[in-house]
Amino acid sequence: DACLAGPTNAHPAQFWPDLMPILDLAEFAASLPARKALIGLDPGSTTIGVAASDFTRLIASTAGGVKRSKWPADAAAIFKVFDDREACGLVVGHPINMDGRPGPSAQAARAFARNLVAIRDVPLLMWDERLSTAAVQRQMIAADMSRAKRAAVVDAAAAAYMLQGLLDRLQSELGTY
């Protein structure tokens with residue numbers, strides 16, 4: 001696919017100038033049609049956690065995980081969920097450091113997001129995911145879930161936790177759903 005070619009260290013808009021940019025919260029909310037799902041992504045090093053909202057954008061739930069392989073296969077799996085859920089936007093977890101500054105993981109998440117919009121022109125928001133995995137891990141431990149079971153679902157659960165945070169914010173601050 002021609003959209004997958006091009007330097008990985010350059011912004012895709014340099015090569016595909018008509019791409020939708022990564023948006024801020026207000027722009028993202030304004031770009032969404034009514035009553036369509038959102039897809040939340042937690043891009044880990046080995047698995048991409050995937051979550052989806054319902055079409056009313058009130059509830060986020062896990063939608064599985066994508067075992068990382070080559071980028072075209074990863075993107076195809078993500079957009080299959082996007083299409084199957086008839087989604088209208090992507091929310092990518094942005095792992096900001098506790099001091100508020102972006103680190104290497106945040107830079108990798110931004111590159112991941114740019115690569116997604118290079119493939120498909122959809123609204124995309126980077127959303128702070130600080131402590132989402134830790135919060136989900138604590139809940140799973142409290143539920144006495146085994147380490148093996150936690151490892152199998154933690155990425156998708158973290159994506160759902162992060163996406164639910166965004167849905168709650170859209171409801172409370174913008175009155176958007």
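We count residues from 1, following the sequence as given. Owing to the predicted nature of the structure, the values given are computational and were not obtained by experimental measurement. Computation of the quantities below employed the complete heavy-atom set of this structure, encompassing side-chain atoms and omitting hydrogens, waters and symmetry-equivalent molecules.
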| request: Drop me the distance from Asp42's CG to Tyr161's OH, to the nearest 0.5 angstrom. | output: 12.5 Å
| Ala113 and Met126: which non-hydrogen atoms are nearest, and at how many Å? | CB-SD, 3.4 Å
| remark: NE2 of His94 to CE of Met162, rounded to nearest 0.5 Å, is 11.5 Å
| task | Please test Val50 against Asp155 for side chain to side chain contact (heavy atoms under 4.5 Å, CB included), starting from the C-alpha separation and ending with a verdict. | result | CA-CA 7 Å; Val50 182; Asp155 294 307; over 6 Å; no
| Heavy-atom donor-acceptor pair, Asp54 side chain to Ile59 backbone, under 3.5 Å | yes
| field | Spatial distance of atom OG (Ser53) from atom NZ (Lys36) [nearest 0.5 Å] | value | 11.5 Å
| task | Of all the heavy-atom pairs spanning Arg68 and Thr47, show the shortest one and how long it is. | result | CG-N, 4.0 Å
| note | Smallest heavy-atom separation, Leu25 atom then Leu125 atom, equals N-CD1, 3.8 Å
| note | Between Pro123 and Ser31, the two heavy atoms sitting closest are CB-OG, 3.3 Å
| request: Can you see which heavy atom on Gly40 is nearest to which on Ala159, and at what distance? | output: O-CB, 3.8 Å
| query | Is any side-chain heavy atom of Phe28 less than 4.5 Å from a side-chain heavy atom of Ile22? | reply | no
| Exercise: identify the closest heavy-atom pair between Leu163 and Ala52 | CD2-C, 3.7 Å
| field | Side chain Thr62, main chain Ala156, donor-acceptor under 3.5 Å | value | no
| field | Donor-acceptor contact below 3.5 Å, side chain Gln164 vs main chain Leu58 | value | yes
| Transitive ILVMFWY side-chain link Ile96 to Trp127, under 4.5 Å | no
Check: residues 78-92 side-chain donor-acceptor pairs under 3.5 Å, at least two apart:
residue: Lys80; atom: NZ; partner: Asp84; partner atom: OD2; Å: 2.7
residue: Asp83; atom: OD1; partner: Arg120; partner atom: NH1; Å: 2.6
residue: Asp83; atom: OD2; partner: Arg120; partner atom: NH2; Å: 3.2

| request: Find the distance between CG (Leu124) and CG (Leu41) and round it off to the nearest 0.5 Å. | output: 8.0 Å
| field | Under 3.5 Å: donor-acceptor pair, side chain of Asp74, backbone of Ser69 | value | yes
